[in-house]
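What follows is a short report on a single structure.
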Amino acid sequence: MKIIVCIKQVPDAKDVRLDPKTNTLAREGVQSIMNPYDQHAVEEAVRLKELLGGEVTVLSMGPPQAEEVLRQAISCGADHAVVVSDRAFAGADTWATSYTLAKAVNVIGAFDLVLCGKQAIDGDTAQVGPGLAMRLQIPYVTCVQKVREATNSGLVLERMMDDGYDVLALDFPALLTVVKNINEPRVPSLKGKMRAKKVEIRKLTAADIGADPAFIGLPGSPTQVVKVFPPEARCIRTVFTGSLDEQIGQLVDSLQSYL
Amino acid sequence: MDYFLSEEQEMIVEIARQITDERIIPQRAELDEKDEFPRAILGEMARADLFGVPIPEEFGGFGGGCLDIVLALEQLGRGCIGVGTAFAASSLGIYPILIAGSQEMREKYLPDVASGKKFAAFGLTEANAGSDASGIQTTAVLDGDEWVLNGTKQWITNGGEAQIYTVVAITDRSKGARGASMLVVEEGDPGFSCGPKEKKMGIRASSTTELIFKDCRIPKDRLIGRKGTGFITVMKTLDSSRPGIAALGLGLAQGALDEAASYAKQRVQFGKPIMAFQAVQHMLADMAIQLEAARSLVYGAARHIDAHPNNMSKVSSMCKVFATDMAMKVATDAVQVMGGYGYMREYPVEKMMRDAKILQIYEGTNQIQRNVVGQELNKEYTRA
């Protein structure tokens with residue numbers, strides 16, 4: 001069983017600021033982490049490998065520092081790591097990113113399953129997973145909350161919906177995006193951390209994956225960000241005083257005024 | 001302070017810290033309240049390879065030394081020394097095999113403990129044999145190809161949860177201290193059972209029971225080392241394990257200081273955070289000073305033990321006394337800084353104060369440790 005997990009390095013949400021001049025994310029001095037949804041994708045891949053055998057390759061498109069999250073994935077049980085990095089990828093939107101990742105997946109070679117986090121916490125689009133599946137011409141299921149059954153030929157899954165969940169079966173090859181309640185990511189192991197320190201990370205450039213320059217980076221991105229702005233903070237604070245009963249009474253009155 | 005840890009040691013700290021922050025701290029109050037053994041957390045530690053830290057690489061471990069295990073236990077102790085004790089007791093239980101066991105015995109037992117698949121426990125204490133280990137009444141008599149054990153061990157950590165027990169029994173009463181031997185008893189051996197879980201003041205996540213032997217028959221090859229070397233193995237085992245207890249004290253004190261200092265920053269009285277009052281600042285400063293002094297001693301002792309494994313008794317006892325007395329004092333002062341809130345079960349320092357007390361009692365009371373240090377001094381100054 002060959003599994004590829006796409007992961008992204010993102011700024012820690014606890015630490016995010018906007019540059020007021022450019023209205024872009026201020027990344028300077030902000031701690032970078034593995035996108036939290038992707039941690040669950042890595043964990044699910046490692047569990048499937050432990051169950052069925054095979055190997056897990058983690059793939060990230062990003063600056064050379066993306067190596068950090070790839071090494072973190074190795075410490076949690078992934079086997080191989082690939083970073084796709086090139087100045088020409090800068091400014092990619094989800095369209096260009098899914099093209100680039102698809103090209104990289106083709107270079108990595110045969111696979112049964114591609115796993116992605118549902119979305120990244122910086123862009124929040126949830127488009128790259130499905131986009132990648134379309135580029136690879138394989139079926140996909142988004143928002144997977146549970147793998148019910150797993151064999152070497154396919155999976156039975158639960159897809160989270162607003163009002164419950166769907167149960168779906170699909171054959172490999174396929175792509176899934178996962179939500180956080182699919183599992184609890186493990187703490188890295190000591191042997192994993194030691195391996196992560198030494199492991200060689202395969203580096204691929206735009207030329208290595210045979211990318212058409214018109215389809216990558218800013219030139220390949222139809223999305224134009226016209227304006228980014230922090231929403232105006234709206235906060236009305238009311239402090240209730242008096243005995244507990246009086247405070248509850250005031251709270252109920254206050255809530256009723258909104259009905 | 002920078003203690004110049006190696007890259008591997010930093011990794012051990014990172015892993016133990018993550019388990020402590022993400023798994024132990026959110027669950028410790030519930031484990032304490034319910035007297036619940038932390039199986040899931042220990043499983044996570046096993047998966048992270050922490051049980052392998054003190055076990056040689058040839059048996060599936062990491063081949064770490066005293067400082068490596070100290071660093072892991074310090075982090076775990078910051079969260080809950082009940083969980084830390086359950087973890088540490090498994091190492092304690094296999095030290096006799098590591099120290100004196102045959103190659104076959106090591107191959108049989110160490111890999112499963114290194115992987116966390118099995119837990120171990122150490123059985124020394126009895127109703128009439130605590131500080132005075134020579135009062136042991138449990139006997140082991142050779143009958144053909146089997147040892148037959150009779151007697152009861154008391155207050156054994158990991159009792160009922162472990163699968164491997166290393167037990168001290170008298171094999172020849174006429175020889176006194178040279179008449180004791182250590183043997184391996186396994187869960188399920190005929191005639192072996194564990195008593196009910198004891199109800200304790202603290203470290204309630206850990207399991208403490210009697211081990212009961214009624215004509216318990218085990219194969220002859222379960223003897224650890226040679227017959228009559230039991231006490232030597234016990235002493236070496238405790239010398240090796242005591243810095244780990246000191247490390248639990250460091251962690252507990254760090255946790256208590258963290259709670260008290262952050263409380264003092266936000267608690268406002270007389271119009272100011274109480275951190276602004278010198279009376280409180282001095283208490284916190286003393287806590288921090290004593291903690292750092294203890295940490296320096298424990299790390300120093302651990303490095304000494306790793307470099308001089310045949311000369312460890314004195315430093316091992318010194319660091320155990322100093323760090324655990326410090327932990328009791330710091331935990332008590334943390335409750336004092338937090339006042340009425342500190343005394344409430346909603347806040348973690350109440351549990352830390354209850355937990356801390358055991359550190360001064362188990363693995364040799366702090367009075368016995370002072371005896372060890374005193375006797376070593378007596379020897380040193382006789383020679384001089």
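In this text the structure is predicted, and so the values were computed from the model without any measurement. Every chain is numbered from 1, with letters handed out A, B, ... down the list of sequences.
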(Q) Tell me if the OH atom of Tyr343(B) is crowded by more than 12 foreign heavy atoms within 6.0 Å. (A) no

Q. Can you tell me how far CD of Glu14(B) sits from CG of Leu190(A), rounded to the nearest 0.5 angstrom?
A. 10.5 Å

Q: Taking the side chain as every heavy atom from C-beta outward, state whether Lys193(A) and Ile15(B) have any pair of such atoms under 4.5 Å apart.
A: yes

Q: Please list, chain by chain and in numerical order, all residues satisfying ring pair (Phe, Tyr, Trp, His ring centres under 6.0 Å) with Tyr3(B), sequence neighbours excluded.
A: Tyr299(B)

**Q.** Option in Ile12(B), Leu50(B), Asp49(B), Val53(B) with maximal non-hydrogen atom pairs under 4.5 Å from chain A
**A.** Asp49(B)

Q. Around Lys49(A), counting heavy atoms of other residues, nucleotides and ligands shown, do more than 12 lie under 6.0 Å from its NZ?
A. yes

Q.
A quick test of your reading: do over 12 heavy atoms of other residues, nucleotides or ligands sit less than 6.0 Å from CD of Gln103(B)?
A. yes

Q) If you look at every heavy atom in Pro188(A) and Ala48(B), which pair is closest and at what distance? A) O-CB, 3.6 Å

Q) Is it true that Glu44(B) and Arg186(A) have a side-chain N and a carboxylate O under 4.0 angstrom from each other? A) no

Q: Run the salt-bridge test on Arg23(B) and Glu184(A) with the 4.0 Å N-O cut-off and return the result as yes or no.
A: yes

Q: Please say whether more than 12 non-hydrogen atoms of neighbouring residues, nucleotides or ligands are located less than 6.0 Å from NZ in Lys108(B).
A: yes

Q. Does NZ belonging to Lys265(B) count more than 12 external heavy atoms closer than 6.0 Å?
A. no

Q. Quick one: OG on Ser189(A) to CE on Met45(B), what's the gap to the nearest 0.5 Å?
A. 15.0 Å

Q. Taking side chain as C-beta onward, heavy atoms only, is Met194(A) less than 4.5 Å from Phe62(B)?
A. yes

